[in-house]
Every structure is written in C-alpha cells, then in structure tokens.
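All figures in this text were calculated on a predicted structure; none of them were measured in a lab. Numbering starts at 1 and runs along the sequence shown.
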Amino acid sequence: MKTLLIAATILTACTSPALAQDAVIRDNPPGLFTSPRFTNVVEVPAGAALVFVSGLTAQGPDGAAPTDAQGQAQAVFRNLRTALAARGLTPADVIQIRGFLVDIQTTLPAYRQAAGDFFGKAPPPASTVVGVAGLVRPDLLLEVELIAARPVQAR
C-alpha cells in the first residue's frame with residue numbers, strides 16, 4: 001500500500017503542468033555547434049501533448065502585411081504568440097521552430113531580432129531557418145511554423 005501511495009504521488013507530481021514542462025530535456029551534446037538562439041536536441045516526456053502551429057506569415061486578419069522585413073518579422077511573431085495563447089501556451093512551451101525566409105541575407109537580421117524578443121529568457125527550442133525563393137504571396141518575406149509541448153492535463 002505504501003509503495004502504491006508513493007507511486008501515485010510521483011505520478012501526480014510528474015504530470016502537474018509545471019513539472020511536466022520542466023521535464024522537457026534540452027541538450028547541446030558535445031561535438032555539435034551551439035548557439036544561444038537554439039537547442040540542438042529537445043526531448044518531450046510521455047504525458048505531454050504536442051501542439052503544431054502551421055506556418056504563419058505577417059498577414060493580419062484582413063490579409064494585409066507590413067512591407068518591410070522588420071515589420072513582417074514582428075507581425076509573424078505576434079501571430080505566433082496569438083496562436084499559442086489560444087491553446088494556453090507561451091513561447092517557453094515551444095520545442096521546435098522553423099523559419100522560411102525570402103532573401104535570407106536581408107531578412108535574417110529582422111527574423112533573429114523578432115525571435116529573440118519573442119523567446120526572451122525562455123530556453124531556446126530546436127530551430128531551423130531556410131532560405132526560400134518565395135512564399136504563397138510575392139510580398140511576403142517570411143513564414144514561421146512551430147511545435148509546442150504541454151502536459152495533457154494542463155488543457
């Protein structure tokens with residue numbers, strides 16, 4: 001009986017929202033390039049739900065988007081924050097992010113600034129940034145998708 005009580009206590013503690021999210025393992029193994037902007041390996045524990053956010057652009061609800069890279073990057077990350085909030089998540093819950101940038105040499109600084117503002121002091125997710133020839137509309141300069149994790153019980 002005592003063993004069952006201990007096991008139940010541990011299970012409850014491990015599935016509580018704070019501890020389950022803390023259980024996400026972020027690792028930069030020796031031998032790999034590391035950066036403060038991303039984590040090389042992210043492991044999600046059992047009992048967490050994965051939330052996938054489609055690639056979002058700078059388009060507002062009316063379809064309009066800023067014309068410059070900085071304005072678009074800020075709008076994209078605002079849209080990502082809105083998508084996460086709809087599921088009760090924050091940037092700290094993001095485990096992977098993928099950015100698709102048109103004219104990457106020009107767009108990358110704006111992307112990095114907006115991503116840095118978005119994540120703040122949160123642990124960085126696994127990350128990929130790819131230069132692309134174009135997006136769904138010729139005026140759009142970047143699109144970003146992400147995956148977040150949260151404990152199943154936290155919904």
Side-chain angles (χ1 to χ4, degrees), residues 16-155:
S16 72
L19 290 178
Q21 193 57 36
D22 291 341
V24 169
I25 299 168
R26 298 168 191 265
D27 186 25
N28 289 307
L32 296 178
F33 172 77
T34 60
S35 167
R37 292 189 179 102
F38 63 85
T39 299
N40 286 302
V41 179
V42 178
E43 180 181 340
V44 179
L50 297 179
V51 177
F52 297 82
V53 177
S54 291
L56 297 179
T57 65
Q59 293 175 266
D62 62 356
T67 57
D68 64 306
Q70 184 174 2
Q72 285 198 23
Q74 291 170 354
V76 166
F77 281 93
R78 249 190 332 269
N79 289 343
L80 290 168
R81 189 178 297 277
T82 298
L84 288 172
R87 291 294 173 263
L89 300 169
T90 70
D93 298 306
V94 175
I95 59 168
Q96 185 175 44
I97 187 167
R98 289 186 197 101
F100 304 92
L101 283 58
V102 176
D103 188 14
I104 194 167
Q105 297 307 316
T106 303
T107 312
L108 187 59
Y111 172 86
R112 283 183 172 160
Q113 178 65 48
D117 294 343
F118 179 77
F119 288 110
K121 296 196 182 297
S127 176
T128 300
V129 178
V130 179
V132 296
L135 297 171
V136 68
R137 284 183 9 195
D139 61 320
L140 296 174
L141 302 173
L142 63 155
E143 183 169 335
V144 180
E145 64 183 24
L146 57 78
I147 302 170
R150 74 163 143 62
V152 175
Q153 295 78 9
R155 187 151 197 225

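- Partners of Thr34 under the side-chain contact (heavy atoms from CB on, under 4.5 Å) rule, at least two apart in sequence or in another chain, are Asn28, Asn40.
- Side-chain contact check for Gln96 versus Val42: every heavy-atom pair is 4.5 Å or farther apart.
- Environment of CD in Gln70: sparse, with no more than 12 heavy atoms of neighbouring residues, nucleotides or ligands closer than 6.0 Å.
- Pairing each heavy atom of Arg150 with each of Arg87, the nearest pair is NE-O, 3.6 Å.
- The minimum heavy-atom distance linking Val44 with Ala149 is given by the pair CG1-CB, 3.9 Å.
- Interatomic distance, Ile95 CD1 to Ile25 CD1, rounded to the nearest 0.5 Å: 12.0 Å.
- Shown here for Glu145 and Val53, the closest heavy-atom pair between the two residues is CB-O, 3.4 Å.
- A search for salt bridge (charged side-chain N to carboxylate O under 4.0 Å, His left out) contacts involving Glu143 returns nothing, not counting sequence neighbours.
- Partners of Pro30 according to the side-chain contact (heavy atoms from CB on, under 4.5 Å) rule, which considers only residues two or more places apart in sequence or in another chain, do not exist here.
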Mind listing the side-chain donor-acceptor pairs of residues 115-137 below 3.5 Å, one per line with the distance, residues two or more places apart or on another chain?
residue	atom	partner	partner atom	Å
Asp117	OD1	Gln113	NE2	3.0
Asp117	OD2	Gln113	NE2	3.3
Arg137	NE	Asp139	OD1	3.0
Arg137	NH1	Gly63	O	2.7
Arg137	NH2	Gly63	O	3.3
Arg137	NH2	Asp139	OD2	2.7

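- Within the 3.5 Å criterion, the main-chain N or O of Leu141 finds no donor-acceptor partner in the side chain of Asp103.
- For Thr90, the side-chain contact (heavy atoms from CB on, under 4.5 Å) test picks out Ala92, Asp93, with sequence neighbours left out.
- When the side-chain contact (heavy atoms from CB on, under 4.5 Å) test is applied to Ala58, the partners found at least two apart in sequence or on another chain are Ala65, Pro66, Gln72, Ala75, Val76.
- Between Thr39 and Asp27, the shortest heavy-atom distance links the atoms CG2-N, 3.3 Å.
- Scanning both residues, Ala110 and Ala73, for their nearest heavy atoms gives O-CB, 3.5 Å.
- The closest side-chain heavy-atom distance from Val94 to Leu80 is not below 4.5 Å.
- At a threshold of 4.5 Å between non-hydrogen side-chain atoms, the residues Phe100 and Leu140 do not count as touching.
- Within the 4.5 Å cutoff, no side-chain heavy atoms of Val144 are placed close to those of Asn79.
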